[in-house]
Structures are given as structure tokens and as C-alpha cells.
Student: 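Supplied in C-alpha cells, the structure appears directly below.
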Amino acid sequence: MKQRVFSGVQPSGHLHIGNYLGAIKNFVKLQHDYECIFCVVDLHAITVYQDPAELKAKILEIAALFLAAGIDPKIASLIVQSDVAAHAELAWMLTCVTPIGWLQRMTQFKAKAAQWRDKIDTEQDDQLASVGDGLLQYPVLMAADILLYQAHIVPVGDDQAQHLELTRDIAQRFNSLYGDTFVVPATKLPSVGARVMGLDDPAKKMSKSAQSANSYVGLLDPPATAKKKIMRAVTDTQPAVDFDNLGPGVQNLLGIFQAFSEWPDDRMRNHFHGKRYGDLKKEVAEMVLSHLEPFQERYRQITADPSYVAGVLRSGAERVSPIANDTVRTVKQRMGLYTE
Ligand code: TYM
């Protein structure tokens, strides 16, 4: 039996090359050797307010982007989280075995709560004037996503590594309280591209929710826009690439190039050492566009038939539901909840 892989992407903001290099590129590779489930995690997106019409459109957009990236729905299952009710059901059961202190320690919770408070302060919107409980519970839902399918491997970018640690802790705690139930999953980070930094500020990670669109190259950015953003990327005061003294902006650009090209370290060094920053940026832009343009062409073909993506998601949900329902039944039995 093949080992199982699970991962998810939120349908919020614009998917960018960081999401692609950190996670989706690995999804495409893994699908041939593992039984893969890839999920549009819409329940995670609503941990902060989303415009309902935009959210609905975004869910289909992310699913189409998965397909455009090369995920083959014949071999991998593509699903939407809220379409399989067992995600939310298991999340509640796991909430009840998770100490609140574990959640309050999460770096992303602290950062997102602060970010949301700033937004509330600027927008003066009383209706949204609180940090929702969902933001705190977020990693438990993520643990439920993974444990529901007894996934062995979870390909993610570096910013999700702490949530994966927590998932392992929750699985182990459940197993020790109620007997061996869950597979304890392993994190899979890419060797290059696990943490792509913002182009305009290499001290911060490239982010969908960044204030400035110059932080990221969106997977659906028009090629001219993508090129402009790369040409404007922050470097440093040196004139040229010096591998013995790389500033964070230059390191980030080299990392983006290497993650797309898959060149080995020595080839990177031989090619770029001493190169002026203007030329480096031009080559990075060319490398990114050589992937982005065919990708966007596939995206246009996939979305030309709106019923296609919906059909893929329906059959994905049908395929995975028996696994999810099995796990929930076992968990209910172990916890003493009512089952017939
Ligand atoms: P999300 O939607 O923020 O990001 C999707 C994936 O992209 C990776 N990523 C990055 N990788 C490299 N550089 C970056 N700058 C960068 N930004 C984002 C993320 O690490 C992630 O792998 N909580 C998750 C979604 C989720 C999930 C799951 C993932 C929900 N349930 C179960 C795995 C398994 C999230 O918000 O990812």
C-alpha cells in the first residue's frame, strides 16, 4: 500500500510563487509515488472575515490553480474542506484534547491576531472588532485535516512547520489517552524555496496578505507585472553577487531562481558569482516567466469549462469520504461517543 500525503492551501488573497515553490511544486512531484489528497481549506479562510462572493470564486480558482500546476485528478484527490463534513467534526473532538496553552504559543496565531487588530484599528469597523476564536483554533482544524486521512507525509512551506509539530503533539496525546488511533505525520519541506521572502522586504516572508502587491509575484500576475516586480526587488548596496557575502534580498532572488531551475549549488555559483544585480534580476525574471506563462495558459484552458473543476472536486470528495468517515467512526468509538 502506498503511503498517504495530505496538504492544503487557503482560498484567500492571491496565490504566489512562494506558495508554488514551498508547497504546490512538491504536491505535483509526490502524486506519482504516494496516495495524495490536496485540499482547498475554505474553513481556514473564514478564521478572518471573507467576502462571501469572493470566497466562493477563490475556492474554484485555487482548485484550478492546482490543476494548472500539474496535479492530475486521475491519480490525486482534489477536495474542498467544507465539502467533507468530517473535517469540522474531527476538529471538535481534537479541540477537546488540546491544551489552550499549546495554541496560544503558536507564532502564526500571535502574528495574525496582531495583524487583524491593526486592521480593525485602521478601519474602525465595530462589527469585526474582535479576534475570532477561529484564529486560535486554526491549528487544531489543520491537525484534523491531516489526521482524518491518517496521512504519513505533509508537504508544506517552512511557515507551517510549527503547526505540523502541534499536529504531531495532538496525535500523540490522543493516542496516549485513547489508544493508538492516529498516524503521526512527518513534515516535508522542499530543499530550496521552503521560505520565499518578500521582494520589497526580504526580512518578511512573501505573503498573500501582504499590504503591498510588490511583495509577491502572483501566479496569475500578467507577465509584464511579474517582471516589473522582480526588476524592482530590494537588493543591497553591493554592486554584484558575492557568494561569500550574500545579503538577504540577493539570497532570496537566487533562491527563487534555483527553486524554479533546480540547478545544483555549484552551477548557481559558477553562473552568478560576480554578476551585476541588474543582470541577476533579468535572469530571475526570465526563469520565473518561463514557468508562469505556460502555467497561465493551462489555467485559461481549465477555467474555460466552469463545470470541469466542480466535477473534479465532486469526485475527489466521493473518493476520500469513506476514509474520513472511517476515522471519525473509530475516534467516536475510542472516545465513547454514540455510535450504532
Ligand atoms: P497557506 O494557504 O498560507 O499556504 C499554502 C502553502 O504555501 C506555503 N507558503 C510558502 N512557502 C514558501 N515561501 C512562502 N513565502 C510561503 N508562503 C506560504 C505554506 O507553507 C503552505 O504549505 N494552514 C495552511 C493550510 C492548511 C494545511 C492543512 C496545510 C490547512 N490545513 C493541512 C497542510 C496540511 C496555510 O494557511 O497555508
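Start at 1 and go down the list; that is how both ligands and their atoms are numbered. Note that the structure is predicted; figures quoted are calculated from it, not measured.
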Student: Run the ring-centre check on His163 versus Phe109 and record whether the distance is less than 6.0 Å.
Tutor: no

Student: As an exercise, state the distance from CZ of Arg269 to CH2 of Trp263, rounded to the nearest 0.5 Å.
Tutor: 15.0 Å

Student: Starting from the N and O atoms of ligand 1, find every protein N or O within less than 3.5 Å and list the pair with its distance.
Tutor:
residue: ligand 1; atom: 2 (O); partner: Gln10; partner atom: N; Å: 2.9
residue: ligand 1; atom: 2 (O); partner: Lys208; partner atom: NZ; Å: 2.8
residue: ligand 1; atom: 4 (O); partner: Asn19; partner atom: ND2; Å: 3.4
residue: ligand 1; atom: 7 (O); partner: Asn19; partner atom: ND2; Å: 3.1
residue: ligand 1; atom: 11 (N); partner: Gly18; partner atom: O; Å: 3.1
residue: ligand 1; atom: 13 (N); partner: Val196; partner atom: N; Å: 2.9
residue: ligand 1; atom: 15 (N); partner: Val196; partner atom: O; Å: 2.8
residue: ligand 1; atom: 15 (N); partner: Met206; partner atom: O; Å: 2.9
residue: ligand 1; atom: 20 (O); partner: Gly157; partner atom: N; Å: 2.8
residue: ligand 1; atom: 20 (O); partner: Gly157; partner atom: O; Å: 3.4
residue: ligand 1; atom: 20 (O); partner: Asp159; partner atom: OD1; Å: 2.4
residue: ligand 1; atom: 22 (O); partner: Gly157; partner atom: N; Å: 3.1
residue: ligand 1; atom: 23 (N); partner: Tyr138; partner atom: OH; Å: 2.8
residue: ligand 1; atom: 23 (N); partner: Gln160; partner atom: OE1; Å: 3.1
residue: ligand 1; atom: 31 (N); partner: Asp145; partner atom: OD2; Å: 2.7
residue: ligand 1; atom: 36 (O); partner: Gln10; partner atom: NE2; Å: 2.8
residue: ligand 1; atom: 36 (O); partner: Tyr138; partner atom: OH; Å: 2.5

Student: Ignoring hydrogens and angles, write down the donor-acceptor pairs under 3.5 Å from the side chains of residues 62-75, residues two or more places apart or on other chains.
Tutor:
residue: Asp72; atom: OD1; partner: Lys74; partner atom: N; Å: 2.8

Student: Could you list the residues that satisfy side chain to side chain contact (heavy atoms under 4.5 Å, CB included) with Asp305, not counting sequence neighbours?
Tutor: Ser307, Tyr308

Student: What do you reckon, is NZ of Lys208 surrounded by more than 12 foreign heavy atoms closer than 6.0 Å?
Tutor: yes

Student: What side-chain donor-acceptor pairs closer than 3.5 Å can you find for residues 216-227, not counting sequence neighbours?
Tutor:
residue: Asp221; atom: OD2; partner: Gly218; partner atom: N; Å: 2.8
residue: Asp221; atom: OD2; partner: Lys229; partner atom: NZ; Å: 2.7

